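Working notes, structure below.
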Amino acid sequence: MSNRKILKKLACLLMALAMLASAAVAVAEEEMPTLEVFFYANTLPDVDKVAEAVSEITAETIGCKVHFNFIGTTEYDSNLPLMLASKDQMDVIWDASHRDYWGRARSGAYLDLTEMLDTVTPNLKASLEEKVWEAAKVDGGIYCVPNYKDMFYQGGFWMEKSFADQLGIDLEKTYTIADIEPWLEVIHQDPDHENSTLMLYGTNYNFPRLAMSEYFSYLYNINGFGIGARKDDPSTIVNIYASEEYADLCKLAYDWYQKGYIVEDVATRDNWGSYYTNGSGVGFGLKVGQYAPLGEVSNSLTYGADLVFVKIGDCVTSSMDALGSVYCVAAKSQYPELSLKFIEQVDTNPAVKNLMTYGIEGVQYNLVDGKVEYIDGYMDSYYLDNYKSGDMRNSYLLAAEADNKYELYEEYNSAAIPDCFVGFVPSLSDIENTVSACKSVMDEYAKLLGNGAVDPEVYLPMFLSALEEAGINDVIAELQAQYDAFLAE
């Protein structure tokens, strides 16, 4: 056989092999599973494009593609339970402690990941501290992967730096509520604050929580902030509103209200943000808040004033704080291991994390000296909050952010003291109606009393009596029985 014929046959063979290989790739891509991933976010035009870019990576790293489903922020709470109950494919789902993660985990909507975390994704398991995994437990099982973010509560006050300098406040020091009355007097006397907010407590339980956190740990995964345990007796659940400390707080707040340190309409204000300044960057006053590293930068920009944070009490972590943003695997997923591997990609692969957080480079943002500068109009095409899209430590910094941002997050998260209720998730099924009745009473009285708007000599006895009539003691007895069983495990 001539060399020409041999070469022709080889060429045909190679062409046939190439066609077979191409067909095999096409079949492989067609057979490659696509995970359905759900987020608490408003849908935008480029969501599918970002998912396609992520899929190019995950097809290589874990052998799957992804499709993103953004559930509108006004529809999430009502639509997610219906979707979970349907036969529609669902694989990875974003959830949070403040969005009924615990209820869905206990109802069987999510898979127990405890074993798979060790056998399928050990690197993911190793990426978070053990106290975070303890906080994630429900009845001894782990039903979510917490997104690394601020996982602590450091309460205190935001205030204008000029006042902090004037008052000689040491921002490294931790203060108590008893320390702040002289500050209020100085702020109150300043002419720039005559017609603006002097003391902002927020719209719900922010100030009482801050004040009582010196003495109590709160049980956050039950409606309202009035049930917890004394820090000097962490095994006994109590009604915080019936404590001497709460009575003293109400008297102090009422005294401040009478002196004008607290805004007159504290109990009825809506849209608090519009009151934080006079529209001119002055008149901010003192605002109850929660610290996050470098929050001075973002809050100063938001409110048009040079702000600093004054710490009140210990830096602690609770299950509520640790689980403010989590990913779960749907119990009905046909791809449980792949779903968990995708979560691992989100948390450990910076390329995936940055696509999900910022979108596509050159479309939503540009990298300048290694930091993100958004392109005008980016929020109209794609946007997902950093805290919702995996481990923050793997994301690019924004242009205005300090280089040590994530080191600060690690410092605070590691130093936070776990409260006594970490890992305890009570079942409310037998007391649901009673809890609801008690919550209604708390909503009626607690904000008025804790913010000083009514005389505690008159209203506190009424509040406590109404709580007893609503069944607060039955709630505490049931929670105590469950807590005793939890502590005995």
Side-chain angles (χ1 to χ4, degrees), residues 150 152-203 206-211 213-214 249 252-253 255-266 269-315 397-405 408-409 411-412 450-453:
D150 51 323
F152 60 90
Y153 171 77
Q154 175 60 72
F157 293 95
W158 292 103
M159 70 186 305
E160 291 166 78
K161 185 177 183 299
S162 59
F163 285 121
D165 293 341
Q166 179 181 344
L167 294 162
I169 293 173
D170 181 356
L171 299 178
E172 298 299 318
K173 181 180 175 181
T174 298
Y175 292 87
T176 68
I177 293 296
D179 294 321
I180 72 172
E181 183 158 354
W183 310 349
L184 295 175
E185 184 176 357
V186 170
I187 295 172
H188 184 52
Q189 292 174 352
D190 187 87
D192 282 336
H193 294 75
E194 286 179 348
N195 300 309
S196 63
T197 302
L198 300 176
M199 184 68 181
L200 293 181
Y201 286 165
T203 55
N206 296 342
F207 177 63
R209 175 191 180 182
L210 176 63
S213 63
E214 183 177 350
L249 169 68
L252 180 64
D255 178 57
W256 288 351
Y257 187 85
Q258 298 301 308
K259 292 176 178 177
Y261 297 163
I262 301 173
V263 290
E264 187 173 342
D265 58 348
V266 64
R269 278 191 175 187
D270 292 319
N271 190 21
W272 277 80
S274 64
Y275 292 92
Y276 290 149
T277 73
N278 267 334
S280 60
V282 297
F284 181 88
L286 204 62
K287 174 184 177 291
V288 171
Q290 179 174 346
Y291 187 67
L294 304 179
E296 299 89 343
V297 176
S298 58
N299 278 283
S300 295
L301 289 172
T302 298
Y303 299 118
D306 189 6
L307 302 180
V308 294
F309 190 80
V310 182
K311 294 179 287 189
I312 303 288
D314 293 329
C315 179
L397 293 168
L398 296 175
E401 291 179 329
D403 292 343
N404 66 336
K405 174 182 176 178
L408 291 173
Y409 271 79
E411 178 184 329
Y412 272 88
N451 290 335

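Only heavy atoms go into these numbers, but all of them, side chains included; no hydrogens, no water, no symmetry mates. Remember, predicted model here, so these are calculated numbers, not experimental data.
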Any sub-3.5 Å donor-acceptor pair from [X]'s side-chain atoms to [Y]'s backbone N or O?
| X | Y | value |
| --- | --- | --- |
| D150 | F152 | no |
| Q258 | D255 | no |
| S300 | L307 | yes |
| Q154 | G313 | yes |

Next on the checklist: Under the criterion side-chain contact (heavy atoms from CB on, under 4.5 Å), I'd like the reasoning laid out for I312 against T174: C-alpha separation, chi angles, the key distance, then a yes or no.
Outcome noted: CA-CA 5 Å; I312 303 288; T174 298; 5.8 Å; no
Item to check | Interatomic distance, D179 atom CG to I169 atom CD1 [nearest 0.5 angstrom] | outcome: 9.5 Å
Item to check | Residues forming a ring-ring contact (aromatic ring centres under 6.0 Å, His included) with Y153, sequence neighbours excluded | outcome: none
Item to check | Qualifying residues under ring-ring contact (aromatic ring centres under 6.0 Å, His included), relative to Y257, sequence neighbours excluded | outcome: none
[X] to [Y] - nearest heavy-atom pair and separation:
| X | Y | result |
| --- | --- | --- |
| Y291 | E296 | OH-OE2, 3.0 Å |
| P208 | N451 | CD-OD1, 4.3 Å |
| A211 | L249 | CB-CD1, 3.6 Å |

Checklist entry - Taking the six-membered ring for Trp, are Y175 and W183 parallel (under 30°), tilted (30 to 60°) or perpendicular (over 60°)? => result perpendicular
Please identify each residue that fulfils side-chain contact (heavy atoms from CB on, under 4.5 Å) with [X], with sequence neighbours left out.
| X | value |
| --- | --- |
| S213 | none |
| E185 | Q189, Y261 |
| L294 | A402, K405, L408 |

Side chain to side chain, [X] and [Y], heavy atoms closer than 4.5 Å:
| X | Y | value |
| --- | --- | --- |
| W256 | E181 | yes |
| V308 | W158 | no |
| E214 | T176 | yes |

Checklist entry - Sequence neighbours excluded, which residues qualify as side-chain hydrogen bond (donor to acceptor under 3.5 Å, both in side chains) partners of Y412? => result none
Checklist entry - Under 3.5 Å, is there a donor-acceptor pair between the D165 and S162 side chains? => result no
Checklist entry - Would F207 and F157 satisfy side-chain contact (heavy atoms from CB on, under 4.5 Å), going step by step from the backbone distance to the final call? => result CA-CA 10 Å; F207 177 63; F157 293 95; 4.3 Å; yes
Next on the checklist: One pair to check against side-chain contact (heavy atoms from CB on, under 4.5 Å): M159 and V310. What are the steps and the verdict?
Outcome noted: CA-CA 8 Å; M159 70 186 305; V310 182; 3.5 Å; yes
Next on the checklist: Using a 6.0 Å cut-off, check whether atom NZ of K161 has over 12 heavy atoms from anything other than its own residue.
Outcome noted: no
